[in-house]
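Computed from a predicted model, the values in this text were never measured in an experiment. Order of the sequence lines fixes the chain letters, A, B, ..., with proteins taken first and strands second; residue numbering starts at 1 for each chain.
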Amino acid sequence: MNSDKQGYDPSSIEQKWQAIWEENKTFSPDLKNAKNPYYTLMMFPYPSAEGLHVGNMYAFTGADVHGRFMRMKGKDVFEPIGLDGFGIHSENYALKVGKHPVEQAKVSEKNFYRQLRATGNAYDWTRILETYDPDYYRWTQWLFVQMFKKGLAYRKKAQVNWCPSDKTVLADEQVIDGRCERDGSIVEKKDLEQWFFKITEYADALLNGLSQIDWPEKIKIAQRNWIGKKVGINIKYKVEGHEEIIEVFTTRPDTNFGATFIALAPENPLALKLAAGENKKDVERYINVFKKSTDQERKEEGREKTGFFTGAYAINDLTGYKMPIWVSDFVLMEFGTGAVVGVPGHDRRDFEFAQEFGLEVIRVVVGKDGDSSPIKTVEQVQEEEGKMVNSDFLNGMDVHEATEKIMDYMEGKGYGKREANYHLRDWLISRQRYWGPPIPMIYCSNCAEKGKGEREDMPGWHSVPEDQLPVLLPDVEDWRPQGEGTSPLANHPEFYETKCPSCGSEAKRETDVSDTFLDSSWYYLRYLSIQKDPAFAKASAGEGKKYEKSTEFRSDLMPYDIEIVKKWCPAKIYIGGAEHSVLHLLYVRFVAMVLHDLNSSLALPFQEPFPKFFAHGLIVKDGAKMSKSRGNVVIPDKYIEKFGADTVRLYLMFLGQFSDGGDFRDTGIEGMFRFVRRIWNLFENKKFEQVSPETLRMINKTVKEVTRDIEDFSYNTAIAKLMEFYNFISEESNSWSGETAVSYLKLFAPFAPHVTEEIWEKMQTVYGLQSTAKKAVVGSQKAVSVHFQPWPTFEEKYLVQDQVLIPIQINGKRRGEIVVGSEKSEVRSWIEEKAKEAVRNHLEGKEVRKVVYVQGKIINFVV
RNA sequence: GCCGGAGUGGUGAAACGGUAUACACGCAGCGUUCAGAACGCUGUAUCCGAAAGGGUGUGGAGGUUCGAUUCCUCUCUCCGGCACCA
């Protein structure tokens with residue numbers, strides 16, 4: 001082989017093509033007229049920290065390969081990108097580097113877009129968006145207003161999660177093991193009045209929708225668990241000597257004949273009401289200690305049960321048993337009714353509690369082990385299936401049957417009512433921070449006094465009229481978090497002082513901002529609706545009236561172009577990380593469902609925005625997720641500079657399965673660079689000739705396999721097959737034709753878009769292959785690009801080999817092989833004879849009892 | 001504790017129930033070179049053997065099958081998610 005090595009210069013090639021693509025709007029589809037819309041969406045990045053890291057690049061490249069492939073398959077691919085730049089991530093980074101978030105956003109934006117351009121992804125650069133752009137967050141606020149108008153946004157004083165270092169409240173989804181999702185500080189409880197979204201109203205819809213979408217099972221399971229629907233019964237118990245009724249939720253009413261106590265959550269108001277005399281003091285003290293504790297302390301592993309007796313008793317109607325009523329912190333106020341009925345024989349926690357305080361244990365179920373003795377140890381606690389005992393009319397039934405029977409019975413007697421409970425809580429949406437969209441609400445005390453308001457159930461509250469949006473985030477100097485349960489904006493009368501939209505009197509704006517996850521809950525709709533046409537911009541600035549006459553969509557009047565949305569949505573594929581399984585991926589579904597239920601022309605025609613989701617793997621470094629605090633963030637820039645984006649893309653995609661991710665190390669990246677350069681040299685040096693049958697077979701095989709692998713997101717094996725073809729064709733003795741070269745180049749194009757584009761161009765001008773290159777018309781420009789060429793096809797007839805290798809096994813062990821003409825492989829008896837001969841020495845003295853022959857594949861002798 | 005996923009060469013990793021280790025990295029030898037870099041060629045699971053050849057091998061133990069990395073049961077280890085949710 002010729003050892004020419006100077007030719008390939010990635011940086012000049014890549015810069016050249018990135019500029020050409022962007023200038024010609026090569027990858028900006030005509031959203032209105034596209035014939036085969038294919039919306040491929042990638043989760044947009046948080047542009048915080050020091051820049052795009054290789055983990056981001058890995059994810060984005062994988063998504064881009066898919067998009068490029070679909071484009072060559074004839075789809076009009078829309079592949080947008082933007083920045084999720086509002087929110088605590090970015091603000092915390094600004095805090096760290098001591099810069100104003102507005103300033104930092106400008107720096108990050110520039111840097112991220114530079115990096116994103118350098119990766120060579122086929123983004124539509126005419127439709128980028130940033131969540132902190134008033135043109136965007138205006139509509140995030142609009143979304144909030146819709147939530148309010150539909151009764152889905154409300155205020156509630158509640159004990160909420162408070163992160164002391166971020167100095168804001170957090171949603172349940174953002175608390176992991178009692179710690180803040182972002183910085184790991186222990187979350188405290190705080191009584192604050194906050195804005196919530198009623199995601200619980202969509203709990204069943206969110207649950208049921210899961211069965212209709214093509215998502216990884218583990219994400220569906222995570223969402224199912226998070227929603228946590230439990231079907232059971234609310235049972236009412238009378239309290240001896242009191243008017244009060246205690247209501248408990250249970251999924252195991254079948255065991256109710258074994259109920260021996262009641263436990264109340266410390267927050268349950270009944271606890272203090274029922275406690276009397278000496279007991280009252282203890283209960284009060286217990287509740288006070290509880291209030292000061294953190295969730296972390298309360299839920300600590302293996303902690304002994306604590307609690308106090310209130311002195312009161314509830315009556316179990318089934319048995320007449322006087323159940324002592326206790327208060328204990330193992331009972332959660334947020335779940336069910338904040339009270340449980342204790343059946344210590346058949347619930348571990350109840351047993352532990354009963355042991356601690358000497359309460360009676362009654363067995364009512366006998367399990368598989370047949371143990372029917374009194375339950376004395378934790379190991380004996382019977383939580384599984386079994387047969388009922390000591391339970392009157394339930395005796396002998398299995399637990400499932402008994403559960404239905406007893407619920408029917410209780411409902412009939414009026415003791416209780418069937419009920420479903422959910423783990424899912426309403427979405428706490430307000431944040432006491434600066435860097436987010438101000439919540440577009442106004443509170444008027446004048447209206448409040450009169451009991452008036454936009455909504456009957458929320459006197460005094462009005463949403464900001466839609467034509468007054470956005471409520472601009474003011475550029476203030478004291479933007480740092482306060483820590484007093486208010487946002488920095490609460491110090492700015494010039495921001496919050498306003499007039500009531502209803503009565504006109506002095507009123508106050510909400511000063512909290514909304515959660516970052518609201519920003520990202522609808523961005524896919526805005527991508528489709530961005531208008532950056534200069535004529536339009538002028539018109540919307542009041543300098544022209546051209547647009548007013550038309551009924552066309554205007555991005556300054558509407559959040560999204562519903563006609564375009566109908567054409568392109570739901571997105572064909574959504575690609576992103578699985579770490580958002582119960583955060584973003586739940587919220588985005590919820591918001592789509594709400595928008596689907598809008599009572600306006602903007603109502604979405606679908607409920608599930610992403611019928612197909614692909615979860616890419618995570619790139620870690622030294623076994624740990626990349627993060628600034630660990631100091632293991634790898635930025636791709638220096639690798640791109642040294643080897644070119646094509647090499648880095650290939651290298652990342654070759655690491656392993658796209659769904660697996662992996663540990664990043666740069667050993668081997670040079671090997672990939674050598675491969676790209678070899679391809680370059682191959683096209684420079686190898687002459688096109690008559691194609692041989694072997695080459696024809698090889699290229700057809702490669703087309704077949706690479707196509708299948710890309711369809712399966714098995715990029716690493718696709719690249720391996722491209723290498724195999726190279727190894728084959730680089731042999732001096734194997735010739736190729738221009739047509740073969742074209743096919744090969746196309747297969748390579750999604751992975752290495754720049755070098756293939758350069759070679760493609762040369763093939764037309766220098767190598768004189770004009771005829772094979774079809775011109776692609778893109779936008780208003782004519783672009784001749786390999787990325788718009790039809791994907792190569794293969795024909796089965798070329799895949800047939802005239803010689804086949806048949807391995808010979810004896811008792812399943814490989815002992816030899818024969819090479820036969822493929823037409824001969826059909827003749828079983830002949831193959832059998834040949835094979836026997838080939839492994840004669842192994843068969844000597846043995847009796848062949850059975851022969852298994854899989855035509856053209858393998859032959860096995862059983863001896 | 002519960003629910004997922006994964007354990008294959010020195011390394012990243014391949015294998016519709018049919019030749020285990022494709023492809024690459026690394027390493028070794030050779031060629032090219034004054035020399036190095038780069039490039040090219042050859043070899044590279046492991047054990048016995050000079051070789052031919054043979055034995056053993058996909059975390060471990062069983063099972064189904066003519067044949068198992070692949071399917072089933074049990075078990076160990078690692079990684080992710082959830083967790084005092086009644």
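- Taking the ring centroids of A:F353 and A:F357, they lie under the 6.0 Å cut-off.
- Residue side chain A:K305 reaches the base of B:C84 through a donor-acceptor N/O pair under 3.5 Å, judged by distance alone.
- Between A:Q803 and A:G821, the shortest heavy-atom contact is NE2-CA, 3.9 Å.
- If you check every strand for non-hydrogen atoms under 4.0 Å, A:Q809 touches a base.
- Nucleotide B:C84: unpaired (no Watson-Crick or G-U wobble partner with both distances less than 3.5 Å).
- As rounded to the nearest Å, B:A15 and B:U21 have P atoms that lie 13 Å from one another.
- If you check B:U42 for Watson-Crick or wobble pairing at under 3.5 angstrom, you find it paired to B:A28.
- Among the heavy atoms of the strands lying under 4.0 Å from A:N860 is at least one base atom, whether or not backbone atoms are also near.
- Phosphate proximity of B:C39 to A:R677: present, with a side-chain N or O under 4.0 Å from OP1 or OP2.
- Note that the CZ atom of A:R674 and the CZ atom of A:F643 stand 9.5 Å from one another [nearest 0.5 Å].
- Out of B:U19, B:C16, B:U56, the shortest distance to the side chain of A:K857 is found at B:C16.
- Remark: A:K230 is not in phosphate contact with B:C85, judged by side-chain N or O atoms under 4.0 Å from OP1 or OP2.
- Residue A:N716 is in sugar-phosphate contact alone, with no base atom involved, counting any heavy-atom pair closer than 4.0 Å across all strands shown.
- In this structure, A:N681 places its CG atom 10 Å from P of B:C39, rounding to the nearest Å.
- A search for salt bridge (Lys or Arg N to Asp or Glu O under 4.0 Å) contacts involving A:R815 returns nothing, not counting sequence neighbours.
- Of the nucleotides present, none pairs with B:G67 by Watson-Crick or G-U wobble criteria with both distances under 3.5 Å.
- Heavy atoms of A:R425 sit under 4.0 angstrom from at least one base atom.
- Atom CG of A:N234 and atom C1' of B:C85 are 14 Å apart (whole Å).
- Annotation: A:F614 is in aromatic contact with A:F658 [ring centroid separation under 6.0 Å].
- Within the 4.0 angstrom heavy-atom criterion, only backbone atoms of the sugar-phosphate kind lie near A:R665; the bases stay farther away.
- Atoms CG (A:D666) and P (B:G26) sit 11 Å apart, rounded to a whole Å.
- Nucleotides B:G4 and B:A83 are separated by 15 Å at their C1' atoms, to the nearest Å.
- Between the P atom of B:A86 and the CD1 atom of A:I262 lies a distance of 16 Å, rounded to the nearest Å.
- Base pairing of B:G4 is made with B:C79, judged by Watson-Crick or G-U wobble geometry with both donor-acceptor distances under 3.5 Å.
- Here the side chain of A:F249 is nearest to one of B:A86, B:A38, B:G55, namely B:A86.
- Summarising the base pairing, B:A13 is matched to no nucleotide, lacking a Watson-Crick or G-U wobble pair whose two defining distances lie under 3.5 Å.
- For B:U19, there is no paired nucleotide, since no Watson-Crick or G-U wobble pair has both relevant distances below 3.5 Å.
- Within the 4.0 Å cut-off from OP1 or OP2 of B:G55, at least one side-chain nitrogen or oxygen of A:R815 is found.
- Heavy atoms of A:E579 sit nowhere under 4.0 angstrom from any nucleic acid atom.
- One can place CZ of A:F751 at 17 Å from P of B:C23, the figure rounded to the nearest angstrom.
- In terms of phosphate contacts, A:N727 brings a side-chain nitrogen or oxygen within less than 4.0 Å of OP1 or OP2 of B:A24.
- For the ring pair (Phe, Tyr, Trp, His ring centres under 6.0 Å) test, no residue two or more places apart in sequence or in another chain qualifies with A:F794.
- Contacts of A:R708 with the nucleic acid, taken as non-hydrogen atoms under 4.0 Å apart, are absent.
- Nearest nucleotide to the side chain of A:V854, out of B:A20, B:G18, B:G55: B:G18.
- Put simply, the side chain of A:D666 never gets that close to the backbone of A:I669: no donor and acceptor are under 3.5 Å apart.
- Proximity note for A:R674 (side chain, C-beta onward) versus B:A86, B:C66, B:C25: the nearest is B:C25.
- Look at A:Q657 and you won't find any side-chain N or O under 4.0 angstrom from OP1 or OP2 of B:A6.
- The side chain of A:D329 lies closest to B:C84, out of B:G55, B:G18, B:C84.
- Atom CG of A:N685 is separated from atom P of B:G40 by 12 Å (rounded to the nearest Å).
- Distances shown here put a side-chain N or O of A:H423 below 4.0 Å from the OP1 or OP2 atom of B:A83.
- Glycosidic torsion of B:G9 falls within 90° of 0, placing the base in syn.
- Between A:M672 atom CE and B:A13 atom P there is a gap of 14 Å when expressed in whole angstrom units.
- Nucleotide B:C74: paired with B:G60 (Watson-Crick or G-U wobble, both distances less than 3.5 Å).
- Counting any heavy atom pair closer than 4.0 Å across all strands shown, A:L805 reaches a base atom.
- If you check B:A35 for Watson-Crick or wobble pairing at under 3.5 angstrom, you find it has no partner at all.
- Within the 4.0 angstrom heavy-atom criterion, only backbone atoms of the sugar-phosphate kind lie near A:G671; the bases stay farther away.
- Nearest nucleotide to the side chain of A:K218, out of B:G4, B:A86, B:C82: B:G4.
- Nucleic acid contact for A:H842: sugar-phosphate only, since backbone atoms but no base atoms lie under 4.0 Å from a heavy atom of the residue.
- Checking side-chain atoms of A:Y853 against main-chain N and O of A:N860 turns up no donor-acceptor pair under 3.5 Å.
- Distance check on atom P: B:U8 versus B:U70 gives 14 Å, rounded to whole Å.
- Between A:R849 atom CZ and B:C66 atom P there is a gap of 11 Å when expressed in whole angstrom units.
- Comparing atom distances between the A:F330 side chain and each of B:C84, B:G40, B:G55 picks out B:C84 as nearest.
- Distance from the side chain of A:L332 is smallest to B:A86 among B:U56, B:C23, B:A86.
- The shortest side-chain heavy-atom distance between A:L650 and A:V676 falls under the 4.5 Å cut-off.
- Counting non-hydrogen atoms under 4.0 angstrom, A:V341 reaches nothing in the nucleic acid.
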